[in-house]
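All ligand and atom numbering here is 1-based and tracks the order in the structure.
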Amino acid sequence: MEKFVINGGKPLRGTVRISGAKNAAVAILPAVLLSDEPCIIENLPEISDVATLLDSLSILGAQVKLINKTTVQIDPRGAGSYVVSKEMAEGMRASSYFLGALLGRCGHAVVAPPGGCDFGVRPIDQHIKGFETLGAEVSIENGMVEAHASDLFGGSVYLDMVSVGATINIMLAAVKAKGLTVIENAAREPHIVDLANFLNSMGANIMGAGTNAIKIRGVEHLHGTSYSIIPDQIEAGTYMVAAAATKGDILIENVIPKHLESIIAKIIEIGATVTEYDESVRVTMKTRPKKCTIKTMPHPGFPTDMQPQFGVLLSIADGTSFITEGVWESRYRYLEQLAIMGADFKVDGKTAMITGVESLKPAPVKAVDLRAGAAVIIAGLMTKGETTVEQIQFIDRGYEHIAEKFTKLGADIKRVTVSDNAANTKMA
Ligand code: EPU
């Protein structure tokens, strides 16, 4: 077990390079199973979710060859299995994409229910509705989701709520189905567009990705491709907040500024200065953050995956701010960790009221999930004194070399091993 030890209070300055997008990578890797030939995927983030998916692809029978740290060649031709076990699916939401990918590949998928971050109920009813519309029979037996179809036929699916996962899974199942599939009320996140671009580069016929109506005309075969994943919008946003929270000055390179519009708008409202370049943004902050109101929404609204990081900024803002979580049932567990550091807040259902204090106090805290983990790291970086962050395996799921990147920006953050004895004492 490991933890981060942070000696905070220093303004972060310098340049950070953003890695490939986690949520695009975790959709594109299972999608390789739909190809009849090997594919090369570039700009993969070095995170544990990607490592887990690559292991799962190997277990299914695909040949996975690392060309370098961020490029992999995958030959899916030998993938004979359609079963993704509980051990493979555990801890990762994206394992559900094997349902759509295997259904599209061989008409049969048996996948353990997805794990992933815990912020309330995470149903997959819309995914199932989509598969059934395409002609699949879906059942849940012995804790496994099984989808089966002798043939898949295009159909029209209206999503009851905007769902990233359902949009992706239906695209995966429909890409080789016979005829036309239309997904209405589809998600519009950048990773949806990236997946569509990847599939189209293999010969798929997908139109409208990035709008709320995606049309997929099924094709018989998909060929090999070489594809580079887009930069991670949320990783970029996280470093933007770190710049503002520490009154620093960071140039964030390898970004698509268009993907950051809602984050840029909010961080400017809070008092930061943002300069946009073609493929980078610079964030500087000189004052205490101003209070603001945030409502998370599907893209192009303010992303829920940036809510905890902004919550940290607002915990030291001048005045009382309100956050409304519009995507998940509940995503405020990080505030309990900030309370240990002296934050002042009240949560009522989907709304959090945060009254800024002058500064937080250093304390031992935990990463309760991936973005909550990034949030408490930022809290530690902006707070004078020693803050420790435990349960950092959640952070490693989605942030590449986070301690190294912050160290390069002048932070004092170290990854240290927690002895088994210490860990056991705390768990008792
Ligand atoms: N929902 C349903 N039924 C469904 C599917 C979703 O009711 O069948 C509900 C969910 O309960 C939630 C809302 O719809 O209230 C949106 O869920 P969505 O399906 O969009 O989320 P997801 O696909 O499970 C992805 C990201 C999350 C991100 C959300 C929202 C991946 C692997 N995960 O999850 O990312 O928060 O979209 O943008 O892409 C993260 O990266 O930290 C993370 C949690």
Between R371, E325, K295, which is the residue that forms a side-chain hydrogen bond (donor to acceptor under 3.5 Å, both in side chains) with Q307? E325
Of N169, V164, T296, T167, the residue with the heavy atom nearest atom 37 (O) of ligand 1 is V164
Taking the minimum heavy-atom distance to atom 41 (O) of ligand 1, which of E329, M297, R397, R371 ranks first? R371
Subset of ligand 1 atoms that lie under 4.0 Å from at least one heavy atom of G165: 19 (O), 23 (O)
Is there a heavy atom of K22 sitting under 4.0 angstrom from any atom of ligand 1? yes
Give the atoms of ligand 1, by number and element, whose distance to some non-hydrogen atom of R331 is under 4.0 Å. 36 (O), 42 (O), 44 (C)
Show the atoms of ligand 1 that are less than 4.0 angstrom away from any heavy atom in L370. 42 (O)
Under 4.0 Å from a heavy atom of T304: give me the atoms of ligand 1 that qualify, with their elements. 30 (C), 36 (O), 38 (O)
Under 6.0 Å between ring centres: does that hold for Y239 and F406? yes
Contact check, side chains of K65 and P38, non-hydrogen atoms, under 4.5 Å: no
Judged by modelled atom types alone, do T225 and S201 share a side-chain donor-acceptor pair under 3.5 Å? yes
One finds that the ligand 1 atoms under 4.0 Å from a non-hydrogen atom of Q126 are 3 (N), 4 (C), 8 (O)
With a heavy-atom distance limit of 4.0 Å, tell me whether D125 approaches ligand 1 through its side chain, its backbone, both, or neither. both
Test your reading of the structure: does V26 have an N or O sitting under 3.5 Å from an N or O of ligand 1? no
Do any heavy atoms of P123 fall under 4.0 Å from ligand 1? yes
Measure from atom 36 (O) of ligand 1 to every heavy atom in D305, I128, I124 and give the option owning the shortest one. D305
For residues V26 and Y97, determine if any side-chain heavy atom of one lies less than 4.5 Å from a side-chain heavy atom of the other. yes
Are more than 12 heavy atoms from other residues, nucleotides or ligands located less than 6.0 Å from atom CG of D151? yes
So do I206 and M171 actually touch side chain to side chain, heavy atoms under 4.5 Å? yes
Ring centers of Y332, F345 separated by less than 6.0 Å: no
With distance as the sole criterion, is a donor-acceptor pair present between the side chains of T238 and Q309 under 3.5 Å? yes
Answer with side chain, backbone, both or neither: which part of V327 has a heavy atom less than 4.0 angstrom from an atom of ligand 1? both
Polar contacts were defined as any N/O atom of the residue lying under 3.5 Å from an N/O atom of the ligand; does this apply to H191 and ligand 1? no
